[in-house]
Amino acid sequence: MSSYGKEYDVIVVGAGHAGCEAALAAARMGCMTLLLTMGLDTVAQMSCNPAIGGLAKGHLVTEIDALGGEMGLNIDATGIQFRRLNMKKGPAVRAGRAQADRMAYSGRMKSVVESEPLLDLKQGTVVRLLAENQKITGVKIREGLVFNARTVVLTTGTFMRGLIHIGLNNYSGGRAGEPASEGLSDCLKDLGLQVGRLKTGTPARLSARSIDFSKLERQPGDERIKPFSFMTQKIDRKQVDCHISYTNEKTHQIIRDNLDKSALFSGAIEGIGPRYCPSIEDKVVRFPDKNSHQTFIEPEGVASHEMYPSGMSTSLPPDIQLRFFRTMVGLENVELMRPGYAIEYDFVEPTQLRLTLETRTVKGLYHAGQVNGTSGYEEAAAQGLLAGINAALFCKEKEQLIIGREQGYLGVMVDDLITQPTVEPYRMFTSRSEYRLLLREDNADQRLTPLGRKIGLVKDERWRLYEEKQNQVEQGKALLETQKVTSANKALVEKYNLGNLKSGLSLETLLRRPEIKIEQLAEDFSDLGCLSDAALEQLEIAIKYEGYIDRQKEMVERYRDFENVNIPENIDYFQVDSLSTEVREKLTEVQPVTLGQAGRIQGVTPAAIAILNIYLRKKYRG
């Protein structure tokens with residue numbers, strides 16, 4: 001083995017969405033960082049749907065941005081259709097989603113990575129992790145070179161022993177057209193880590209030239225675009241349309257007739273797939289009474305003819321895929337540009353991680369993304385950011401960053417991963433958070449930007465914009481409290497249907513009415529109209545939902561007592577009387593760091609937590 005001869009603080013393995021965020025975070029925090037990828041042309045590749053955001057996923061993107069990450073800026077710069085989802089529902093579940101220009105998204109992220117001063121981007125396939133006395137020391141690549149580092153962040157995506165299935169044919173690959181990573185799984189097992197197997201899939205890509213869009217339902221983007229990044233002031237780019245088509249009984253019959261040729265139903269796949277994102281075969285079998293399934297036909301880029309039919313992932317043979325697509329309205333003459341496929345791959349059971357995403361078994365080794373059993377670009381990027389931050393803090397010998405469940409969806413996700421066994425690829429939902437009204441997209445900066453500033457990732461310009469917004473929110477609060485509608489202003493009394501108004505009515509009181517919107521008030525009161533849209537949105541939510549928000553804050557305080565009860569690392573649960581053997585085994589496996597976290601472990605009952613609390617109080621807290 002020959003050494004490259006350059007010492008790194010942090011090595012990041014894999015340049016997908018997790019890897020890019022991890023490497024950028026570490027380098028921006030002052031650590032000499034190496035980002036290793038199997039292919040320099042596939043940095044931040046969008047291997048499935050070329051879209052960012054969605055329900056709960058959009059929340060993660062704003063949190064990444066608030067901490068100083070790159071994903072929000074990247075989609076704002078390369079998005080070709082932006083939409084706000086759930087706008088008729090409450091603010092907790094409203095979310096942004098954007099269709100990306102796939103090549104532009106990857107190209108811009110690669111350029112950002114290449115331009116970062118303390119970050120080296122190199123091509124190389126890692127075949128071995130190097131460690132001494134269970135402490136990471138570097139990596140070895142297939143070409144024989146060794147790179148030394150104090151920490152390693154592993155973000156291998158679907159590449160570890162990746163196996164692609166198309167019909168009854170299968171071959172080794174991390175994505176279609178790219179090789180799998182061999183050797184790392186065995187290396188991780190040798191280091192004492194438990195490795196499992198999961199599965200995911202992607203639809204075929206269709207040629208836009210062969211689609212009759214006149215027969216399809218048009219889905220335009222929003223006229224008024226709200227960016228993902230708190231740094232982006234405005235998006236003026238021309239948007240493209242998406243379209244909607246539907247399967248029908250003919251489609252379903254072709255699929256039913258050929259289930260024996262599907263890798264999913266023939267027994268060829270051993271990995272567990274995502275329940276919330278089933279293949280079209282799964283949908284047809286699991287919902288036999290449903291006559292049709294909707295698909296969004298989405299463009300992959302402004303200069304590309306490839307179209308992505310969402311919700312149509314499949315592992316049927318290409319000729320069967322072509323047949324069932326051609327039964328759908330508007331797709332009667334469609335041509336496949338790439339067939340859909342299923343892929344199974346190795347992951348490392350995330351219950352072996354700390355809340356910092358460092359492995360408990362190997363010091364200085366962090367995991368992020370699909371290697372932790374998650375799915376989705378946004379989940380991966382959020383983990384990558386946290387892992388990169390903590391790898392940098394490790395090198396600086398500073399306290400590690402932990403995001404609590406009450407602080408962000410990032411905290412919810414990590415806590416879920418390390419306390420719950422992985423039975424399927426993990427996807428973020430707003431329903432996973434018990435504090436979701438506190439964890440909105442609009443206030444992600446309020447929750448996390450001060451943390452990003454404290455660790456050195458939020459730079460001066462981002463901090464200036466944050467302070468400017470918070471100042472505007474404070475100004476807005478004062479304006480709403482002090483400015484009033486009086487009986488003297490008959491036009492406003494009539495406009496807001498205030499009837500026989502005798503004493504003045506503050507704008508804050510007026511805004512509490514469900515039918516009154518803050519944009520209306522901003523039109524009539526110039527001082528309020530001078531505030532930014534972001535500040536106005538936060539003000540409106542804070543006032544209209546004040547009672548609900550206060551109740552959730554009270555809930556946080558009630559549970560904080562359990563969250564603040566630390567559990568010593570060296571505790572022997574088999575010495576705790578009255579705990580069942582199952583509970584003892586669960587606690588020993590997960591090694592929770594607080595009593596609150598112990599209570600979220602599957603199978604650990606409230607009675608067991610009460611027993612453990614008494615034991616801790618007697619033995620450790622006097």
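Atom set for the values below is all heavy atoms of this structure, side chains included, hydrogens, waters and symmetry mates excluded.
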Is it true that [X] and [Y] make a salt bridge, defined as a side-chain N closer than 4.0 Å to a carboxylate O?
X    : Y    : answer
E540 : K517 : no
E474 : K477 : yes
E70  : R108 : yes
E300 : R102 : yes
D416 : R405 : yes
K57  : E378 : yes
R462 : D445 : no
K226 : E537 : yes
D460 : R453 : yes
E281 : R256 : no
R224 : D222 : no

Scan side-chain atoms only and decide if [X] and [Y] contain a donor-acceptor pair under the 3.5 Å cut-off.
X    : Y    : result
T251 : N248 : yes
H59  : T430 : no
T202 : S313 : no
Q520 : D524 : no
D241 : Q219 : no
T158 : Q370 : no

Using every non-hydrogen atom in the two residues, find where [X] and [Y] come nearest and quote the distance to one decimal.
X    : Y    : answer
N74  : M109 : OD1-N, 3.5 Å
Q321 : L316 : NE2-O, 2.7 Å
I75  : Y105 : N-CE1, 3.9 Å

In R447, R84, R94, the residue satisfying salt bridge (Lys or Arg N to Asp or Glu O under 4.0 Å) with E441 is R84
Within 45° cone and under 6.0 Å: R551 NZ/CZ vs Y548 ring = yes
Between E335 and R209, does a salt bridge (Lys or Arg N to Asp or Glu O under 4.0 Å) hold up when you go through it step by step? CA-CA 8 Å; E335 295 287 345; R209 295 190 304 170; over 6 Å; no
* Above 12 or not: heavy atoms from other molecules or residues under 6.0 Å from CD of E249? -> yes
